[in-house]
Amino acid sequence: MKASSLSFQAAVLIVIAGMAWGLQMAISQDHSAHPAHAHLNLLGWVSLFLFGLYYRRHPALERDRRAHVQVWSWLVGTVVMAIGVGLVHTGTVSAEPLAAGGSFIVFASMLLFAWLLFQTERAGASARPAAAPAE
Ligand code: HEM
Ligand code: HEM
C-alpha cells in the first residue's frame, strides 16, 4: 500500500474514534480525558492526514520503506500516547509510562519525517530542470 493511502485510511479511522470519544465526553459531562482526545485527533487525524498529503505530492516516497516506518510509528505512538494520557487523566497514574512511551515514539517519527522532508526538498531543488533554451 502507498504511504499516503495508509495515512489517509488510518487518519479517518482515528478521527471516527476521536469524535466518538468527544461525544462520550460531552454526553457524560466528564471532560477529564480531553487532553487525550485532543492529541488523538490532532496527531491521528490532522497530522497523519498532512503526512498523507505530503507523500501523495511526492510519489518517490510512496513506496519508500522509511515513509512506511514513519507512518506506522506515528500511528502506533499516537494510539499508545492517547491511551496513556487518557488513563492518567482519569486517575490511573500508573499509565504514565504509556503516555511517555507514546510521546517518544511520535517524536522519533517526526524526526524521521523531518529527515525525509529535508532530503526530498533539497533533491527537488537541485533536480529542477534548467531554463528552456531561447528560441
Ligand atoms: C464529534 C466531534 C467532537 C466532539 C463531540 C468533541 C468534544 C470535545 C469536548 C467535550 C472537549 C472538552 C472541552 C473542554 O472541556 O475544554 C473537546 C476538547 C478538544 N477537542 Fe474535541 N470533539 C470533537 C472532535 C474534535 C476534532 C475532530 C478535533 C481535532 C481535529 C478536536 C480537538 C479538540 C481539542 C484540541 C480539544 C482541547 C481543547 C482545549 O484544550 O480547550 N475535537 N472536544
Ligand atoms: C511528543 C508530542 C507531544 C507531547 C509530549 C505533548 C504534550 C502536551 C502537554 C503535556 C500538554 C498540556 C496538557 C494539559 O495541561 O492538560 C499539551 C497540550 C496541547 N497539545 Fe500537545 N504534545 C505533543 C504534541 C502535540 C502536537 C503535534 C500537537 C498539534 C498537532 C499538540 C497540540 C496540543 C494542544 C492543542 C494542546 C492544548 C489542549 C489540551 O489542553 O489538551 N501537541 N501537549
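Just follow the structure's listing: the first ligand is 1, and inside any ligand the first atom is 1. Heads up: numbering here begins at 1 and tracks the sequence. Side-chain atoms are counted along with the backbone in the values below, which use heavy atoms only and exclude waters and symmetry mates.
Residue V46 approaches ligand 1 through these ligand atoms, each under 4.0 Å from one of its heavy atoms: 30 (C). Of all atoms in ligand 1, numbered sequentially from 1 with element shown, those under 4.0 Å from a heavy atom of H34 are 12 (C), 37 (C), 40 (O). Set against the non-hydrogen atoms of V106, the atoms of ligand 2 under 4.0 Å away are 1 (C), 2 (C). Every atom of ligand 1 with a heavy atom of M19 under 4.0 Å away is listed here by number and element: 1 (C), 2 (C). Distances below 4.0 Å separate heavy atoms of H31 from the following atoms of ligand 1: 10 (C), 12 (C), 13 (C), 14 (C), 15 (O).
M25 CE, 3.7 Å is the protein heavy atom nearest to atom 11 (C) of ligand 1.
The aromatic rings of F49 and F8 sit tilted, their planes meeting at an angle between 30° and 60°.
Ligand 1 has a nitrogen or oxygen under 3.5 angstrom from a nitrogen or oxygen of H37.
For atom 26 (C) of ligand 2, a protein heavy-atom neighbour is found at a distance under 4.0 Å.
Sorting the N, O or S atoms of H39 by how far they are from atom 21 (Fe) of ligand 2 puts NE2 first.
Judged by distance alone, with hydrogens and angles left aside, the side-chain atoms of H89 form no donor-acceptor pair with the main-chain N or O of H34 at under 3.5 Å.
Under a 4.0 angstrom heavy-atom cut-off, M110 registers as lying outside contact with ligand 2.
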